[in-house]
Amino acid sequence: MVNKKEIIVKNDHEQTATFGAFLIEKIIKQNQNPTTNIAFSGGNTPQLMFEKLSKLTNLNWAKVNIFLVDERYISLDNKNSNFNMIKKHLLNNIDIPSENIKNINYLNDINEAVKEYKNKLIEQFSLTPKNPYPVFDLIHLGIGGDGHTASIFDHQKINKNKLIDITTGKKYKRITFTYKILNHAKNILFLATGKEKKDIIKKVLQKDKRYPAANVETKGNIYFLLDKESASLIKNNKYNNNR
Ligand code: 6PG
């Protein structure tokens, strides 16, 4: 696995979404294994990328499993559910077997929901004490204006010994992958656009560890897919390719 950090800056949000869709397609097609395991995040930024991804016609989704990086602990038909958003912009528009979709269910007891989701990981990745963490082919992450990623809002308050943890967002309780999963991915795709992200992007690329997104460090490849506005404080890509 060649580990690299690449900062890709496109002219605008639309071009960023197009590039992201093609990058995801490339990672799926280059995968030599029988199945590709991907985890997507929620939020507003990836919606156009998901729509463009759903229009790429020569992808065999039957060989792709889609997990969620995190979820707001609300009913799946709530418009604020990440699953609802990903279904609307991607899953409803592609030919993917339902058993390949690994969402987080909204159960009466949040701990039961965590346990059920963890079992999906154990089953898909054949996790054992000797093979304790899932290695995703691709994990897509957003970056909040406060530097959160997934639903990790404070990197010191996320359980470093668990695969999945419960956190508290502004409005909802969250279920989220921890760094134990994020930091073992073969490919991480950070997607962040717009001028309101320019300050946090600079801090994350400067590895300011106060911000959760800056604590994502996989041995695989990390892509920062930005537009000119979110990259406007980065000087001549000097953060590229170093670790
Ligand atoms: C969520 C997401 C979260 C998101 C960032 C960026 O549940 O909200 O998983 O991590 O990726 O908040 O969101 P935007 O793309 O809307 O800025």
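Both counts, for ligands and for their atoms, begin at 1 and track the order of listing. These figures come from a predicted structure and were not determined experimentally.
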K197 heavy atoms, cut-off 4.0 Å: which ligand 1 atoms fall inside?
-> 14 (P), 17 (O)

Counting only heavy atoms, which portion of T45 has something under 4.0 Å from ligand 1: side chain, backbone, both, or neither?
-> both

Cationic N near anionic O, under 4.0 Å, K52 to E14 | yes

Give the residue, atom name and distance (to 0.1 Å) of the protein heavy atom nearest atom 16 (O) of ligand 1.
-> N44 N, 2.7 Å

Does at least one non-hydrogen atom of R174 fall below 4.0 angstrom from an atom of ligand 1?
-> yes

For D227 and G194, indicate whether the former's side chain and the latter's backbone hold a donor-acceptor pair under 3.5 Å.
-> yes

From the candidates G142, G43, S81, G169, the one that places a heavy atom nearest atom 11 (O) of ligand 1 | G142

Any chance you could measure L107, atom CG, to E116, atom CD, to the nearest 0.5 Å?
-> 5.0 Å

Show your working on side chain to side chain donor-acceptor pair (under 3.5 Å) between N92 and K87 and close with a plain yes or no.
-> CA-CA 5 Å; N92 287 346; K87 212 169 64 167; 5.4 Å; no

So is V69 in contact with ligand 1, going by heavy-atom distances below 4.0 Å?
-> no

Any N or O of N82 closer than 3.5 Å to N or O of ligand 1 = yes

Any nitrogen or oxygen of T149, main chain or side chain, under 3.5 Å from a nitrogen or oxygen of ligand 1?
-> no

How many angstroms lie between CD1 in I188 and NE2 in H140, if you round to the nearest 0.5 Å?
-> 10.5 Å

Exercise: do K228 and N11 side chains pair donor with acceptor under 3.5 Å = yes

Output yes when the distance from some N or O of ligand 1 to some N or O of G42 is under 3.5 Å, and no in every other case.
-> yes

Would you mind telling me if ligand 1 is within reach of the side chain of R72, the backbone, both or neither, using heavy atoms under 4.0 Å?
-> side chain

Compute the centroid of each ring, for F125 and then for Y133, and state whether the two points are separated by less than 6.0 Å.
-> no

So, F67 versus F177, ring centres under 6.0 angstrom or not?
-> no

So for A192 against ligand 1, with non-hydrogen atoms under 4.0 Å, the contacting part is neither

Using a strict 4.0 Å cut-off to heavy atoms of H148, name the atoms of ligand 1 that fall inside it.
-> 3 (C), 5 (C), 10 (O), 12 (O)

Which atoms of ligand 1 are found less than 4.0 Å from any heavy atom of A150?
-> 3 (C), 9 (O), 10 (O)

Kindly give the heavy-atom pair with the smallest separation between N105 and K120, and that separation in Å.
-> ND2-NZ, 3.9 Å

